[in-house]
Amino acid sequence: MRGWKCEIKAYCSQVHRVHTFVQQQNYGMGHENMIQSYSLHLLHRKGSHSYVKQALSAIKFYVQKVLLYEETVSFVRPKKE
């Protein structure tokens with residue numbers, strides 16, 4: 001059970017970070033461009049590829065399961081380091 005709690009906490013933190021990023025940037029763009037911009041932002045900040053993948057997974061879960069957006073958004077994930 002402990003593993004699930006850690007994963008939920010990590011996903012919530014990632015969603016909070018992307019929300020803060022979007023507010024700071026004042027983006028009025030669609031989900032796909034926003035997600036790509038955020039993932040590039042993380043990579044430019046020298047985030048590890050696994051960290052960026054975790055962030056994208058959290059965002060994808062939030063968009064599809066919480067916001068219930070049925071549109072498919074392509075999530076370009078970084079290649080292995």
Would R17 and L42 count as a side-chain contact (heavy atoms from CB on, under 4.5 Å) here? Give the steps. CA-CA 11 Å; R17 285 185 197 101; L42 291 178; over 6 Å; no
Can you tell me how far apart [atom1] ([X]) and [atom2] ([Y]) are? Round to the nearest 0.5 Å.
X	Y	atom1	atom2	result
L56	F61	CG	CZ	15.5 Å
L40	Q36	CG	CD	7.5 Å
F21	H16	CZ	NE2	14.0 Å
S39	K53	OG	NZ	12.5 Å
Y11	K65	OH	NZ	11.5 Å
S48	L43	OG	CG	9.0 Å

In chain order, what residues pass the side chain to side chain contact (heavy atoms under 4.5 Å, CB included) check against Y62, with sequence neighbours excluded? V15, V66, L67
Side chain to side chain contact (heavy atoms under 4.5 Å, CB included) involving H19 - partner list, sequence neighbours excluded: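 In terms of side chain to side chain contact (heavy atoms under 4.5 Å, CB included), with neighbours along the sequence ignored, H19 is linked to Q23.
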Does the side chain of Y38 come within less than 4.5 Å of Q14's, by heavy atoms? yes
